[in-house]
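Written out below as structure tokens is the structure these notes cover.
In each ligand, atom 1 is the first atom listed, and ligand 1 is the first ligand listed.
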Amino acid sequence: MQNKQVSEILNLKEEKNAVILAHSYQPPEIQDIADHVGDSLQLSRIAASTESGVIVFCGVRFMAETAHILSPDKTVLLPEPDAGCPLADCIEVPALRSMQELYPDALTVLYVNSPADVKAESYACCTSANALEVVESVPSDEIIFAPDRNLGTFISRKSDKTFHIWNGACRSHAIADLQDMKVRMKEWPDAELLVHPETPPEAWELAHAVLGTGGMIRYIGESNAERFIIGTEEGMIYRLKTLYPDREFTAGGNIYCINMKMITLQKILDSLRELKPVIELDPQTREKAYAAVARMTKATG
Ligand code: SF4
């Protein structure tokens, strides 16, 4: 059954001139059929430059919206329209505007895990891969950082700028099970623990390195360690095993995002057959958000 679905997807992909992008947290069978698997920054850059007329985004809504903002002339499909992000949902325009009124000299750097209309109110977006570079490139010494408080805190400790940090969090990473990380470290004393900056500061203190998913991939490539405990969403383990079959990986912290598991092969197939659900944004919002998103893709990271 799965093989039949896969070959139908691949045929339709050709027929419709589509590209399939999958985030590293997606389930194995989705990563396997994707043209590109990566972090938010990598996938945004691919979405901006692809020649394909159709982008099938296997991730969550804010990622597909970002692809649409960058490539408005393409058809961007999100095979499961209810795949949302609780972190993105924790910020709304009126509340951000109130914070901006409170700190009129600050410029807003917005984690890309946020809704399009909030992006439209921000100076620049960033991902965990380039948050520091974006913050340093912003022409103000005062920053409003939203919506993830842990990433904001992590970056504020590396920058001399003044930070006003929004009190939001990724529900999956913010409740990372530190006890589980400690148990895994005891079981694999030779392993390096890598954690995502969306995890709480207590996890950073345990870790050998605090990195976004793309940073983890690069770090492992340069490390001499043979075993790694990975403190981010558990889908990343499959990605790492694929990239580094000679190393060993285990998940640490019981970090699981249900929204990242909502897309299935059948939903991709249906989406390609019918060319829906299409991501659509109010054109004014999209155009306003473009400047902030473009600053993110142009920054290094
Ligand atoms: S892992 Fe966290 S930030 Fe990423 S999609 Fe899930 S809830 Fe959102």
Side-chain angles (χ1 to χ4, degrees), residues 21-28 30-31 34 37-44 47 57-68 76 78-92 109-116 118-119 122 125-131 145-155 165-177 180-181 194-201 203-204 210-217 230-240 251-264 267 279 293 296 301:
L21 308 185
H23 191 270
S24 306
Y25 296 161
Q26 287 289 296
I30 307 291
Q31 294 192 28
V37 183
D39 63 17
S40 298
L41 185 59
Q42 292 164 330
L43 297 181
S44 299
F57 215 112
C58 304
V60 295
R61 173 162 287 270
F62 76 80
M63 296 176 176
E65 283 181 352
T66 304
H68 174 58
V76 180
L78 180 62
E80 171 47 70
D82 288 338
C85 168
L87 171 59
D89 292 343
C90 80
I91 185 163
E92 288 180 349
V109 175
L110 192 73
Y111 193 24
V112 71
N113 307 28
S114 51
V118 181
K119 288 183 171 78
S122 304
C125 290
C126 70
T127 70
S128 54
N130 70 359
F145 192 98
D148 190 86
R149 66 168 179 266
N150 288 335
L151 178 62
T153 303
F154 183 70
I155 298 302
I165 299 173
W166 189 273
N167 190 14
C170 160
R171 274 191 213 157
S172 311
H173 285 85
I175 56 161
D177 181 347
D180 181 68
M181 288 183 185
L194 311 183
V195 303
H196 196 280
E198 286 173 13
T199 59
W204 313 340
V210 183
L211 299 157
T213 52
M216 286 181 185
I217 290 170
I230 302 299
T232 190
E233 211 282 336
E234 53 97 50
M236 188 63 186
I237 299 295
Y238 182 75
R239 174 84 179 127
L240 292 172
N254 294 318
I255 304 170
Y256 182 83
C257 175
I258 195 161
N259 285 281
M260 278 286 179
K261 313 300 177 195
M262 291 174 83
I263 290 174
T264 61
K267 288 177 187 172
I279 293 289
V293 175
M296 171 185 89

Heavy-atom nearest pair, A129 first then L41, reads CB-CD2, 4.1 Å
Salt bridge (charged side-chain N to carboxylate O under 4.0 Å, His left out) partners of K267, counting only residues at least two apart | E80
At distances under 2.8 Å, what protein N, O or S atoms surround atom 2 (Fe) of ligand 1?
-> C170 SG
Could you tell me whether a side-chain N or O of E234 sits under 3.5 Å from a main-chain N or O of Y256, the two making a donor and an acceptor?
-> no
Give a yes or no on whether the backbone of S24 and the side-chain of D39 come within a donor-acceptor separation of less than 3.5 Å.
-> no
Qualifying residues under side chain to side chain contact (heavy atoms under 4.5 Å, CB included), relative to A47, sequence neighbours excluded = L21, I55, A67
Tell me, please, which residues at least two apart from D180 pass salt bridge (charged side-chain N to carboxylate O under 4.0 Å, His left out).
-> R184
